[in-house]
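Below you'll find the structure, written out as structure tokens, and then a few comments.
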Number of protein chains: 2
Amino acid sequence: MSLPHAILTALLEKPSSGSELTRRFDRSIGYFWSATHQQIYRELGKLEQAGLIRALPSPVPTRGQKKEYEVLPEGREELRAWVDRREDPKVSRDPLPLRLRAAGVVGVGDLLPELVRHRDLHRARLEEYRRFERRDYPNGPRTEQERIQLLVLRGGIDMETGWVSWLGRAVEELSAAAPATPAASADRDGA
Amino acid sequence: MSLPHAILTALLEKPSSGSELTRRFDRSIGYFWSATHQQIYRELGKLEQAGLIRALPSPVPTRGQKKEYEVLPEGREELRAWVDRREDPKVSRDPLPLRLRAAGVVGVGDLLPELVRHRDLHRARLEEYRRFERRDYPNGPRTEQERIQLLVLRGGIDMETGWVSWLGRAVEELSAAAPATPAASADRDGA
DNA sequence: AATCTCATGTAACAGGTTACATGATTAC
DNA sequence: GTAATCATGTAACCTGTTACATGAGATT
């Protein structure tokens, strides 16, 4: 039950159409929650049905025409309640550690270049976050809302730092001692 | 497409019945991928159908009787191929950062105790991983497979370290300057 | 034999993914 | 006016979640 609340948050920050929301889910919001345009349109329909948002009056609201949505008081109330809700942490759903564990059983095969690739992707993401921090908060946060936005950004920084640290060590370890013949190591592990 | 491969890995490590797998998904494997018993039985059926695993011959294979599965060569081959597959990192699906972002819009409300709770859960998980490390690898890894298993464990440690670091700072920041009246801060943000 | 627990399921639904469809606008 | 693009959707499918059902063995 997070996508509707992500959408409510985004619409409170700025009323938008489905396509605009989709673009925002590829940038800022998308760093913490992803969604395709099909999900977004489906969810906008549900939220409107439930009376939490409404489409702004438009002259010709047909297919192919932009339709802007804004949050109704009921939607804001629902979001407020969600913030206060108690909800346990979810286990990670990134398959990479799982693939490494599988590699421990069937052999590392060709996993090393994939680890390198992921390490570099996470490094790039980390650098991006650091640029945001320097660009948007050069003198620290100036309002209560900015303080919280910066905290969220720092969350991304801490997570990416964790990935980079882990993958850095994994690449180092696996390039050091495992590069003999992958087939041989696979056979040994599989026996 | 990760659950079937998680199951293949688990079954290669040790042939098991559905209920045994379910218990293992509450411990070791569950630290990196979660699954309910319903998911596991459904997936075991598919994997057997696909010829990747088979039920060990049993005298009375009826309902309510344990049914042990083992991986067939085709299953091992599928797992090996999955390890080598190229697959992009997934964006996190933990709603907590999202809730903090929402709090920036509708006010922090009662989120602080929830942040404390999560921080403590992640701290406990981190300590648990460190105990595993001390207990299972007191002199470092002794085989290639142990080296990889330890790497996976270190992944968990690095991720939990990231959470603890972030949540520690978030709690500190929000207890310092935000504790006036939540309602007032909510109104200010919402304006 | 009634009840409890364990193991194996079924069913219904929500959320996420991929492929495809259609109306409106813009570029040529 | 035709083609490309943009915006809004529909449909089918897969994964994950929750509630419930049933057979077998153990407990009383």
| said: For a side chain to side chain contact (heavy atoms under 4.5 Å, CB included) check, start with the C-alpha distance between B:Leu98 and A:Thr9, then their side-chain angles and the critical distance, and finish with the verdict. | reply: CA-CA 9 Å; B:Leu98 217 53; A:Thr9 305; over 6 Å; no

| field | Distance in angstrom units between A:Ile40 CD1 and D:dG9 P, rounded | value | 13 Å

| request: Check for a donor-acceptor pair, side chain of A:Asp84 on one end and backbone N or O of B:Asp110 on the other, with a separation under 3.5 Å. | output: yes

| So does A:Lys66 get a side-chain nitrogen or oxygen closer than 4.0 Å to the phosphate oxygens (OP1/OP2) of C:dT25? | no

| task | Take the protein atom CG of B:Leu3 and the nucleotide atom P of D:dC13, then report the distance between them rounded to whole Å. | result | 21 Å

Dump the pairs, protein N or O against N or O of nucleotides 17-19 of chain D, anything under 3.5 Å, distances to one decimal.
from, atom 1, to, atom 2, distance (Å)
D:dA19, N6, B:Gln38, NE2, 2.8

| task | Could you tell me whether a side-chain N or O of A:Arg125 sits under 3.5 Å from a main-chain N or O of A:Tyr31, the two making a donor and an acceptor? | result | no

| Which atom of B:Asp158 lies closest to which atom of A:Ser165, heavy atoms considered | OD2-OG, 3.2 Å

| field | Positive for side-chain hydrogen bond (donor to acceptor under 3.5 Å, both in side chains) with B:Arg93, one of A:Ser2, A:Ser34, A:Ser92 | value | A:Ser34

| Atom pair distance, as rounded to whole Å: CG in A:Leu56 and P in D:dA7 | 17 Å

| request: Using the ring of A:Trp163 (Phe, Tyr or Trp, six-membered ring only), decide whether A:Arg119 places NZ or CZ under 6.0 Å from its centre and within 45 degrees of its axis. | output: no

| Taking the side chain from B:Arg101 and the backbone from A:Phe32, do they hold a donor-acceptor pair closer than 3.5 Å? | no

| query | Transitively linked via ILVMFWY side-chain contacts under 4.5 Å: B:Leu121 with B:Leu167? | reply | no

| query | In whole angstroms, how far is the P atom of D:dA7 from the OH atom of A:Tyr69? | reply | 15 Å

| query | What is the bend of the helix from C:dA1-D:dT28 to C:dC28-D:dG1 when you compare the axis at one end with the axis at the other, using five pairs each and rounding to 10°? | reply | 0°

| Minimum-distance nucleotide (side-chain atoms of A:Tyr41 versus D:dT8, C:dG9, D:dT15) | D:dT8

| Over how many whole Å does the gap from A:Lys46 atom NZ to D:dT10 atom C1' extend? | 14 Å

| request: For D:dG9, take OP1 and OP2 only and decide whether either is under 4.0 Å from a side-chain N or O of A:Lys67. | output: yes

| query | Any donor-acceptor pair under 3.5 Å linking the side chain of B:Arg76 with the backbone of B:Leu12? | reply | no

| remark: Rounded to whole Å, CD of A:Glu48 lies from C1' of D:dG9 at a distance of 14 Å

| note | Contact check, residues 16-29 of chain B vs DNA chain C, heavy-atom distance under 4.0 Å, returns B:Ser17, B:Gly18, B:Ser19, B:Arg23

| task | Please work out which of the three classes, parallel, tilted or perpendicular, describes the rings of A:His118 and A:His122, given edges at 30° and 60°. | result | tilted

| Rounding to a whole Å, what distance do you find between B:Met1:CE and C:dT18:P? | 12 Å

| query | Under 3.5 Å, is there a donor-acceptor pair between the side chain of B:Arg80 and the main chain of A:Val106? | reply | yes

